Amino acid sequence: MEKPIIYQVFTRLFGNDCVATFQNGDKETNGCGTMADFTNKALNEIKGLGITHIWYTGLLEHATQTDYTKYGIIKDHPAIVKGKAGSPYAVKDYYDIDPDLAVKVPERLKEFKNLVNRTHKAGLKVIMDFVPNHVARQYHSDAKPAGVKDLGEMDNLEFSFLPNNNFYYYPGHQLTGIDMNAGEDTPYVEKPAKASGNDVFGYWVSRNDWYETVKLNYGRDYSIDHNYFTPIPDTWHKMHDILLYWTAMGVDGFRCDMAEMVPVEFWGWVIPQIKEKNPDIIFIAEIYNPVSYRNYIYHGKFDYLYDKVGLYDTLRSVACNQTSASNLTGCWQNVTDIQDHMLNFLENHDEQRIGSNYFLGAGIKAKAAMTVTATLFRNPVMIYFGQELGERGMDNEGFSGIDGRTTIFDYWTVDTIRRWRNKGKFDGALLKPQEIELREFYKKLLTICNQEPAIREGEMFDLMYVNYGGWMLNDQRHYAYLRKKGDNVVLIVANFSNSDARIGVKIPEHAFKYLNMNHKAEAPGVDLLTGTQNVYQFLPEKICTVDVKANNSVIIKLNLL
């Protein structure tokens with residue numbers, strides 16, 4: 001059994017060594033990384049963090065302001081492209097790799113296959129985006145297999161909705177609401193207008209909409225809230241074939257963008273079919289509505305769901321001293337029956353960087369939160385590239401502005417990643433001491449997740465219910481729990497306060513019985529994060545005392561034999 005540890009990396013930005021980047025700069029000015037930058041050395045360094053899967057974000061060809069017409073790729077109108085580079089979630093060709101990512105554009109698919117092979121050789125599994133809810137407004141596949149019809153190619157434009165149309169239309173109306181020129185002499189014209197990706201069922205869009213995308217039709221008529229799933233709609237078949245295409249290329253998993261905006265019936269139909277081809281392939285759903293969690297697991301057949309509105313939101317509030325650490329108990333209690341299906345994280349491309357001014361201001365302050373994220377249960381955990389170095393995300397790149405996130409719309413460089421790479425040397429020469437310290441922490445923590453049976457596959461016992469109001473444990477700022485598998489027993493204590501603390505944790509009799517643990521008045525233990533050895537009192541209803549640094553944690557492996 002392996003605990004999946006996922007490294008999300010924004011492919012376009014990873015290898016960009018350009019130092020002098022400019023706001024709204026184009027590709028030539030600001031540079032762009034490629035798939036080739038993921039060398040054997042790079043992948044082995046990522047693997048060495050304790051990573052099992054790498055999610056290459058932004059692989060599919062998407063709308064962009066860069067002109068690739070000389071390669072037979074239709075130019076996108078800038079009015080409907082966000083940023084110079086464009087959003088990777090405005091997919092323009094489901095069957096193609098983004099030309100930005102290739103050293104030689106005509107050989108981009110070959111370069112992708114080489115990337116998959118290198119990744120597998122490094123002992124990592126490949127995850128890629130599947131963006132099923134929406135596509136670029138000027139979607140056009142020039143790489144689709146022979147005989148495949150393009151999305152919308154056979155649509156009847158005289159109807160707002162037909163079950164076998166791929167898009168939703170507004171006959172007689174032209175898309176409006178944004179600047180259709182955007183500096184061009186010829187305006188962008190879309191008539192009939194199509195519904196936008198964020199479920200704007202109308203022909204008027206605003207700058208706050210996903211105006212660069214159009215909604216795909218899976219046979220649901222939203223105007224009357226009725227489904228037409230029999231016979232199987234055309235869009236279902238097209239998406240099925242796209243998933244099979246990339247599965248055959250060796251992809252090991254799909255992160256499915258805004259999965260809850262696509263009917264759960266589609267997922268329950270398509271995922272089992274893909275798993276017939278590769279039983280080990282995984283499907284991860286970006287989903288934010290807890291009411292829908294079980295539906296998308298049991299009926300949609302997803303392997304994993306984002307634990308965003310539960311664990312992420314609560315951990316962020318705890319780390320920012322906005323809520324009590326004891327509230328973490330409610331997070332796991334709400335998903336007890338589906339805990340193994342939840343994907344934990346503290347960063348991804350949608351969320352603000354821990355080190356940003358909008359979160360903690362420094363990545364080093366999230367050690368306690370990251371420990372809980374990674375070790376609370378045996379379910380998967382994900383980090384976002386640069387998180388392990390304290391990347392701040394406070395650049396004014398262009399379309400996204402200063403928002404505490406690393407841009408997905410612009411050509412840019414990621415300072416910490418660029419210095420860590422050091423032109424492919426990965427020698428740490430350009431990193432600051434705190435960045436080196438933080439990366440070493442992540443390396444130890446994530447490696448522990450699969451090295452220690454108790455964390456990889458063991459039971460969890462929350463100790464907070466007997467420690468409320470404890471004289472040596474502040475339930476507002478401290479959190480403690482046990483993990484156990486066989487004779488492997490681990491005590492984890494997180495300190496979310498800004499001060500070092502000597503924390504006394506009461507271990508109830510019930511914990512010993514439930515986990516079948518031995519009592520020991522003097523139990524040798526070692527903090528797996530630091531190597532510090534000590535002797536602990538580990539007896540029923542007694543206080544086990546541990547020292548924990550500010551904003552930090554301990555993972556004490558106990559010898560109870």
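Just so it is clear, the model here is predicted, and its values are computed rather than measured.
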>> Taking the side chain as everything from C-beta on, heavy atoms only, tell me whether Asp500 gets closer than 4.5 Å to Val548.
In response: no

>> Just so I know, are the side chains of Phe10 and Pro88 near enough to count as touching, which here means a heavy-atom distance under 4.5 Å?
In response: yes

>> Tell me whether Asp415 is salt-bridged to Arg418, with the criterion being a basic N under 4.0 Å from an acidic carboxylate O.
In response: yes

> Do Pro290 and Val309 touch side chain to side chain, with heavy atoms closer than 4.5 Å?
Replying inline: yes

>> Atom NZ of residue position Lys47 - does it have more than 12 heavy atoms of other residues, nucleotides or ligands inside 6.0 Å?
In response: yes

>> Both conditions, 6.0 Å and 45 degrees, for the charged tip of Arg421 above the ring of Phe14: are they met here?
In response: yes

> Tell me the ring pair (Phe, Tyr, Trp, His ring centres under 6.0 Å) pairs involving residues 422-456, sequence neighbours left out?
Replying inline: Trp420-Phe426

> Do NZ/NE/NH1/NH2 and the carboxylate oxygens of Lys557 and Glu452 come within less than 4.0 Å?
Replying inline: yes

> Where do Tyr479 and Asp462 land on the side chain to side chain donor-acceptor pair (under 3.5 Å) test, with the steps shown first?
Replying inline: CA-CA 9 Å; Tyr479 191 67; Asp462 193 320; 2.6 Å; yes

> Any idea how Tyr298 and His341 line up, ring-wise: parallel (<30°), tilted (30 to 60°), or perpendicular (>60°)?
Replying inline: perpendicular

>> Can you give me the closest heavy-atom contact between Tyr536 and Cys544, atom names plus distance?
In response: CB-SG, 3.9 Å

> Are Glu286 and Lys308 ion-paired here, with the side-chain N under 4.0 Å from a carboxylate O?
Replying inline: no

> What pair of heavy atoms forms the shortest contact from Pro132 to Asp257, and how long is it?
Replying inline: CD-O, 3.3 Å

> Quick one: salt bridge (Lys or Arg N to Asp or Glu O under 4.0 Å) pairs with a partner in residues 320-335, sequence neighbours left out?
Replying inline: none

> Can a cation-pi geometry be assigned to Arg353 and Phe359, taking NZ or CZ under 6.0 Å from the six-membered ring centre and within 45° of the ring axis?
Replying inline: no

> Would Arg419 and Glu435 satisfy salt bridge (Lys or Arg N to Asp or Glu O under 4.0 Å), going step by step from the backbone distance to the final call?
Replying inline: CA-CA 10 Å; Arg419 289 187 286 106; Glu435 294 166 344; 2.7 Å; yes

> Which heavy-atom pair separates Leu539 from His519 by the least distance, and what is that distance?
Replying inline: CD2-CB, 3.8 Å

> Sequence neighbours excluded, which residues qualify as side-chain hydrogen bond (donor to acceptor under 3.5 Å, both in side chains) partners of Trp55?
Replying inline: Thr57, Asp129

